[in-house]
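Sequential numbering from 1 along the given sequence is applied to the chain's residues. As the structure lists them, so they are numbered: ligands from 1, and atoms in each ligand from 1.
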Amino acid sequence: MASGTASGSAHVVVLAFPQAGHTNPMLQFSKDLASQGVIITLVSFAFDHHRMLKADKTLQRLGIRIRFESIPDRLPPGIDIVSDVLYVFSNLQHIDGSDLEELIHRLNVTGPPVTCIVYDAFMPWVAQVSTKLKIPRAVFYTQSATVAAIYHHFKYVEKWNNCEQDSNDVVVIPAIGEMRMPDLPSIFFPPLLTAGCLDINLKLIESFNGASWVILNSFDELESKAINYLREANVPVCTVGSLIPSAFLDRINSEDTQFGGSPWEEETEECMEWLNSKPPHSVVYVSFGSIAAISTKQLREIGRGLQSSEQNFLWVIRSAAGQGTVWEGFAEEIGDRGLIVKWSPQLKVLNHPSVGAFMSHCGWNSTVEGLSAGVPMLGCDLCFDQPTNCKVMVEVWKMGVKLKRTQQDDGDVTFEWDEIERCVRRVICSEEGAELRKNAVHWKESAKTATMEGGSSHSNVSRFVKEVTKFRQLLVSQLNEI
Ligand code: UDP
């Protein structure tokens with residue numbers, strides 16, 4: 001039931017970071033708020049605005065109304081989020097907030113006043129806009145609570161410097177337990193450390209101070225220790241996950257099957273038809289997210305590993321990232337046992353009964369999507385927060401295996417074909433795999449419970465809506481007094 005009436009609704013401005021792994025959960029959160037009667041204005045950057053307008057079409061079909069606005073990005077023309085990802089991240093970190101401020105002034109004049117700004121943590125400058133305009137702010141953190149707790153611990157409790165990524169050193173983080181160096185976010189080590197990525201991530205943690213909410217795409221049961229740690233440290237954590245379209249989670253709205261705003265054309269029919277022809281739990285779905293560029297050498301190792309595992313596979317190879325082909329004649333060799341697409345409808349694929357395992361880079365969204373679909377994972381973490389996500393997925397949730405990477409003679413580090421073959425067989429064909437699936441299904445049920453009436457995330461979203469609506473009433477009474 002809508003919490004706000006048409007005239008007394010809260011008006012939330014949502015500022016998304018222009019990359020699929022950031023916009024997807026934010027769009028879902030916006031949909032959840034809009035369906036509770038909150039007025040949403042979703043703001044994107046100019047270069048990415050067309051993608052958000054595509055999302056509008058999806059939302060209109062669902063009868064969800066969200067307003068779309070854009071602000072200038074001040075980036076050079078022709079910028080590409082995939083090939084220039086670090087450049088875009090570091091530039092959007094520092095832009096001056098006057099465009100957003102102007103937009104909010106305009107929105108205040110034309111519509112109900114803005115009562116809250118929800119913004120991606122990677123844009124900490126929004127805090128100044130919120131302070132200046134006296135509008136409460138909600139930081140939307142797109143990584144896990146565990147990762148947030150690690151950075152928080154490092155920033156405020158204990159520093160570890162000059163540690164080597166591949167050493168056996170261990171840090172003990174009370175909220176989480178022992179973390180080996182290779183399981184920490186790779187940002188603690190060169191080259192990402194030297195590129196300034198640790199500083200960026202610590203600034204995000206700093207931006208939690210003074211925020212009214214820190215929104216996490218997680219749920220209390222999933223990361224209870226890290227979430228408790230953050231709450232005890234006075235971080236106003238508001239867990240709202242899993243942020244997954246309704247058709248794949250609470251199943252209340254069977255039409256809600258997409259986030260909207262997909263960066264590339266989804267090859268839906270092809271994937272679904274092919275999956276329909278395969279037996280239950282027989283397919284390995286392989287995807288490394290929207291940014292990672294996989295070397296040709298690594299593609300070949302994956303190709304050979306999948307081929308020699310003799311299992312079915314659906315593999316996303318994004319041509320947009322300039323990724324090479326597997327090898328000449330690969331498609332003919334694998335015949336109907338494998339399907340390669342450029343971009344998949346990932347949620348539909350993961351929730352298809354034929355899918356038996358998810359070979360993933362363990363980006364946070366993919367991890368949440370995999371567990372919410374109850375699919376065991378083959379963790380091929382590459383960088384950023386992925387090693388930590390992978391560790392938790394394997395050791396805490398016990399719903400997958402981690403693949404080992406090997407240093408080659410030329411210095412490259414790759415997942416080798418025989419490791420891939422071995423792990424695919426372990427998850428798809430063995431009793432151990434069945435146990436992993438059972439655990440994954442447990443997390444799927446927990447994710448569903450958290451978002452249904454009475455669940456932790458459901459209650460948090462309702463509380464958030466009540467609080468922003470209360471602020472709206474406060475604003476109106478102040479205006480009446482003037
Ligand atoms: N995704 C998709 N189709 C694909 C591959 C990925 O829709 O073929 C979506 C996926 O569902 C997820 C996002 O892209 O929501 C990737 O986010 P994640 O955090 O996993 O990784 P990132 O792209 O940020 O590395």
Side-chain angles (χ1 to χ4, degrees), residues 16-29 31 48 51 54-55 58 80-83 85-86 88-89 120-122 140-144 147 185-187 192 197 216-218 241-245 247-249 257-268 270-272 274-275 283-294 313-321 323 339-352 355 358-373 375 377-390 393 400:
F17 194 88
Q19 188 252 322
H22 293 246
T23 47
N24 282 352
M26 266 191 145
L27 271 164
Q28 193 56 36
F29 184 52
K31 280 153 73 177
D48 196 46
R51 183 163 69 87
K54 267 199 327 199
T58 312
D80 174 41
I81 184 68
V82 174
S83 46
V85 68
L86 286 183
V88 176
F89 266 84
D120 193 296
F122 275 94
F140 193 105
Y141 192 72
T142 49
Q143 303 176 73
S144 71
V147 166
S186 66
I187 280 159
L192 290 175
C197 293
L216 292 178
N217 181 12
S218 184
S242 301
L243 290 169
I244 303 281
F248 302 121
L249 198 61
T257 57
Q258 284 171 297
F259 295 111
S262 179
W264 298 289
E265 200 64 45
E266 292 165 346
E267 292 165 62
T268 306
E270 209 176 353
C271 290
M272 291 301 120
W274 184 86
L275 284 170
V283 175
V284 186
Y285 169 58
V286 185
S287 161
F288 290 83
S290 66
I291 292 181
I294 309 296
F313 62 89
L314 167 49
W315 186 3
V316 180
I317 305 184
R318 293 185 346 262
S319 62
Q323 298 182 324
L339 176 70
I340 295 179
V341 295
K342 292 191 172 72
W343 190 248
S344 82
Q346 181 155 305
L347 292 167
K348 286 187 184 142
V349 169
L350 284 172
N351 285 279
H352 193 286
V355 171
F358 181 14
M359 184 186 289
S360 167
H361 69 315
C362 297
W364 183 237
N365 293 288
S366 293
T367 306
V368 170
E369 290 163 18
L371 77 89
S372 304
V375 176
M377 296 178 72
L378 292 148
C380 299
D381 56 290
L382 301 169
C383 56
F384 302 119
D385 55 338
Q386 298 152 20
T388 310
N389 300 341
C390 186
M393 181 275 289

Go through the steps for H22 and F89 under the test ring pair (Phe, Tyr, Trp, His ring centres under 6.0 Å), then give the verdict. CA-CA 12 Å; H22 293 246; F89 266 84; 5.5 Å; yes
Measure and list all N/O to N/O distances between ligand 1 and the protein that fall under 3.5 angstrom.
{"residue": "ligand 1", "atom": "3 (N)", "partner": "S344", "partner atom": "O", "Å": "2.8"}
{"residue": "ligand 1", "atom": "8 (O)", "partner": "S344", "partner atom": "N", "Å": "2.8"}
{"residue": "ligand 1", "atom": "8 (O)", "partner": "S344", "partner atom": "OG", "Å": "3.3"}
{"residue": "ligand 1", "atom": "11 (O)", "partner": "Q346", "partner atom": "NE2", "Å": "3.4"}
{"residue": "ligand 1", "atom": "11 (O)", "partner": "E369", "partner atom": "OE1", "Å": "2.6"}
{"residue": "ligand 1", "atom": "11 (O)", "partner": "E369", "partner atom": "OE2", "Å": "3.3"}
{"residue": "ligand 1", "atom": "15 (O)", "partner": "N24", "partner atom": "ND2", "Å": "2.9"}
{"residue": "ligand 1", "atom": "15 (O)", "partner": "E369", "partner atom": "OE2", "Å": "2.6"}
{"residue": "ligand 1", "atom": "19 (O)", "partner": "N365", "partner atom": "N", "Å": "3.2"}
{"residue": "ligand 1", "atom": "19 (O)", "partner": "N365", "partner atom": "ND2", "Å": "2.9"}
{"residue": "ligand 1", "atom": "20 (O)", "partner": "S366", "partner atom": "N", "Å": "2.9"}
{"residue": "ligand 1", "atom": "20 (O)", "partner": "S366", "partner atom": "OG", "Å": "2.5"}
{"residue": "ligand 1", "atom": "21 (O)", "partner": "H361", "partner atom": "NE2", "Å": "3.1"}
{"residue": "ligand 1", "atom": "23 (O)", "partner": "Q19", "partner atom": "NE2", "Å": "3.4"}
{"residue": "ligand 1", "atom": "23 (O)", "partner": "S290", "partner atom": "N", "Å": "2.7"}
{"residue": "ligand 1", "atom": "23 (O)", "partner": "S290", "partner atom": "OG", "Å": "2.5"}
{"residue": "ligand 1", "atom": "24 (O)", "partner": "Q19", "partner atom": "NE2", "Å": "3.1"}
{"residue": "ligand 1", "atom": "25 (O)", "partner": "H361", "partner atom": "NE2", "Å": "2.9"}

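- The side chain to side chain donor-acceptor pair (under 3.5 Å) test applied to N365 returns no partner, not counting sequence neighbours.
- Under the side chain to side chain donor-acceptor pair (under 3.5 Å) criterion, S366 pairs with Q346, not counting sequence neighbours.
- Counting only distance, with no hydrogens or angles, the side chain of D381 and the backbone of C362 share no donor-acceptor pair below 3.5 Å.
- Between the CG atom in N351 and the OG1 atom in T257 there is a gap of 10.5 Å [rounded to 0.5 Å].
- Under the side chain to side chain contact (heavy atoms under 4.5 Å, CB included) criterion, L378 pairs with V284, A357, M359, V401, L403, C423, V424, V427, sequence neighbours left out.
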